[in-house]
Visitor: 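Mind having a look at this structure? Questions to follow.
For clarity, every value in this text was computed on a predicted model and none was experimentally measured. By convention in this document, chain letters (A, B, ...) are assigned in the order of the sequence lines, proteins followed by strands, and residues within each chain are numbered from 1.
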2 protein chains.
Amino acid sequence: MPPELIAVLIAVSDDRPMVLTLDGGRLLPSGPLEAGHRSLQTGLRLWVEHQTGHALGHVEQLYTFADAPVDGGPDERRVMISYLALTRIRRGERGWRGWYEYFPWEDQTAPEGRDLVVRIAGLLEGWAGRAPSAARQEARRQRVALTFGLEGLGWDDELVLQRYELLWEAGLVPESAPPGEAVLPGMGMARDERRVLATAMARLRAKIRYRPVIYELMPDSFTLLHLQRTVEAVAGQPMHKQNFRRLVAQQGLIEETGEVAPDTRGRPARLFRFRREVIGARRIAGSKLPLARAV
Amino acid sequence: MPPELIAVLIAVSDDRPMVLTLDGGRLLPSGPLEAGHRSLQTGLRLWVEHQTGHALGHVEQLYTFADAPVDGGPDERRVMISYLALTRIRRGERGWRGWYEYFPWEDQTAPEGRDLVVRIAGLLEGWAGRAPSAARQEARRQRVALTFGLEGLGWDDELVLQRYELLWEAGLVPESAPPGEAVLPGMGMARDERRVLATAMARLRAKIRYRPVIYELMPDSFTLLHLQRTVEAVAGQPMHKQNFRRLVAQQGLIEETGEVAPDTRGRPARLFRFRREVIGARRIAGSKLPLARAV
DNA sequence: ACCTTTATACTCATGTTGAGCATAATAGGG
DNA sequence: CCCTATTATGCTCAACATGAGTATAAAGGT
């Protein structure tokens, strides 16, 4: 069985990060590496275009997964090479879903997300208490606190995969819960797809801190607030407005278009565009996140 | 053809980063994923142990490579899933080689490495001038300057792979040079192994900045200078001594053993040990590098 | 005693970051 | 036309981090 190529396409629409799915949101675009494919990336592009009609721009390899072998099953097991692609939604495209539909607890900009983490903390405390020994219980509690930023440790937006795997182990997600047991809100996916999505989210959240990839998710011109809302949507965390502007300004990666945003409430905002020329011409420090404390 | 698992084992000995090789330094430990392997990592461990006798500790997946399909060749091509492992050299083990034997220009702590970059800059200027159009020439020059830190841009120690691939394109390494043509110093390896090694070096150099992985390369007790020399050896860059100590001290990741180093010249240095307990108990900021300017 | 060598403690200027205050410019209601 | 709500934008401040350098301590060798 040849390795499978699987893609996570991300776009941001109306300040919501979206992922392109198939089969009613249960699958990601994917297909086997074939002899005719000139490279892994070529194969991926062909499959994605064939299945979704969406042409890929820049893609980045994420991780290679293998599922566990089945006793008495086929000799070979599925190997999945996953990729992340940043793009924009084209008119009329279907299959795009908000990524927080799959991971509601990852949205710490909204009160619902924060409340959900409080609820999860309670459930995981129960799980920790069910460990066989006192030492194990303590280890579980420490892991929970670190992963979900409890006890004053602070929320780390990059721990998407770790949080999902912890909830998986605790039987709180549909993929692992005993039948009939209550599970957390959040859509499940087929096979390992939700792990792949979690990996993509974590990578993107990490990457916007040190590479200006956020602009691949923006339209040609945008206001500073729009840019900030996009970063907040991806990071799942609120930011300090003035400091965000200061940072963006001193990076010198954008320039004014000279126009102002139409149909605005309040004072009209100037429009900016990304200066594509600077990519490659300069060492890019990226876009550190002036994160406000999660109120 | 099942995917192949390939490992880059790194250790530091006598302030030199070393890599475990086979076949006189031309190969890295590797082997195909088999039906009996419980996971990718398990398979990797078995192959490495079988081929080198070295048991693996913590490993990290690096990247998945595929070679180009050959016209008229077999239907399937080699897929390599690569891993990085940090370890220590055990007594009597053979096959360890200094990684700067393969990439001499990556050692910017020594004058030889810095001189070599000056020479490379000249050769690449010639290569840039041979581009077909003025625009292409300029693009090449920009890429060279950025990748090798010319024109005041500063050396970026994490661009190991980019530098190797540029030299490959320019035909300056044995893997790509026309037969009989002069090439740069630095041992070649079989197949794609040198690219895998470059990927591992880049990842490790990046990682020591934000995770305390350097301690996996240290003996149980060490002096601060020994620690600094190890970081410098990995990063290939000199650092400011006092600031390095300040950083290490305020991280609180190490503690005094109470003893001092034997057989020292000058004032004897206190010995320290890594506090394993803090891993997992705390969010680790890692070990930023107080890099001195490359004199 | 003095010199070389390494260890270690401080100082200082500059830059970065988190937080907040103040003011500007628009629309819409009274 | 004034007032208010709303968003945009400019500016200050304290705390902390960082790069660089000076000064002093403790050993061995001649």
Visitor: Does anything in residues 250-274 of chain B form a ring-ring contact (aromatic ring centres under 6.0 Å, His included)? List the pairs, not counting sequence neighbours.
Guide: B:Y215-B:F274
Visitor: Over how many whole Å does the gap from B:E256 atom CD to C:dA7 atom C1' extend?
Guide: 12 Å
Visitor: Could you tell me the separation between the CG atom of A:L271 and the P atom of D:dT7, rounded to a whole number of Å?
Guide: 17 Å
Visitor: Sequence neighbours excluded, which residues qualify as salt bridge (Lys or Arg N to Asp or Glu O under 4.0 Å) partners of B:E101?
Guide: B:R16, B:R97
Visitor: Could you list the residues that satisfy salt bridge (Lys or Arg N to Asp or Glu O under 4.0 Å) with A:E232, not counting sequence neighbours?
Guide: A:R229
Visitor: For the side chain of B:R245, starting at C-beta, report the closest nucleotide among D:dT18, C:dT8, C:dA25.
Guide: C:dT8
Visitor: Could you check how far CZ of A:R246 sits from C1' of C:dG20, rounded to whole Å?
Guide: 11 Å
Visitor: Rounded to whole Å, please give me the gap between NE2 in B:H240 and P in D:dT22.
Guide: 10 Å
Visitor: By ring-ring contact (aromatic ring centres under 6.0 Å, His included), which residues pair with B:W99, not counting sequence neighbours?
Guide: none
Visitor: Just do the side chain to side chain contact (heavy atoms under 4.5 Å, CB included) check on B:R273 and B:D220 with the steps written out, would you?
Guide: CA-CA 6 Å; B:R273 80 164 68 86; B:D220 287 335; over 6 Å; no
Visitor: From CG of A:L224 over to C1' of C:dA25, roughly how many Å is that when rounded to an integer?
Guide: 16 Å
Visitor: Return the nearest nucleotide to the side chain of A:A269; candidates are D:dT18, D:dT9, D:dA20.
Guide: D:dT9
Visitor: Check the interface with nucleotides 23-25 of chain D: list each N/O to N/O pair with the protein under 3.5 Å, or write none.
Guide:
residue: D:dA25; atom: N3; partner: B:R267; partner atom: NH1; Å: 3.2

Visitor: Would you tell me if any nitrogen or oxygen in the side chain of A:R270 comes within less than 4.0 Å of OP1 or OP2 on D:dG10?
Guide: yes
Visitor: Rounded to whole angstroms, how far apart are CD on A:Q228 and C1' on D:dA8?
Guide: 12 Å
Visitor: Is there a side-chain contact between B:R265 and the phosphate of C:dT6, meaning an N or O under 4.0 Å from OP1 or OP2?
Guide: yes
Visitor: Taking all atoms of both residues into account, what is the closest heavy-atom pair of B:I214 and B:V231, and its distance?
Guide: CG1-CG2, 3.6 Å
Visitor: For B:E256, give me all partners under salt bridge (Lys or Arg N to Asp or Glu O under 4.0 Å), at least two apart in sequence or on another chain.
Guide: B:R270
Visitor: Specify the separation, in whole Å, of atom CG of A:L225 and atom P of C:dA25.
Guide: 19 Å
Visitor: Calculate the interatomic distance between A:N243 atom CG and C:dC21 atom P; express it in whole Å.
Guide: 13 Å
Visitor: Compare side-chain N and O positions of B:K241 against OP1 and OP2 of C:dT8 and report whether any pair is under 4.0 Å apart.
Guide: no
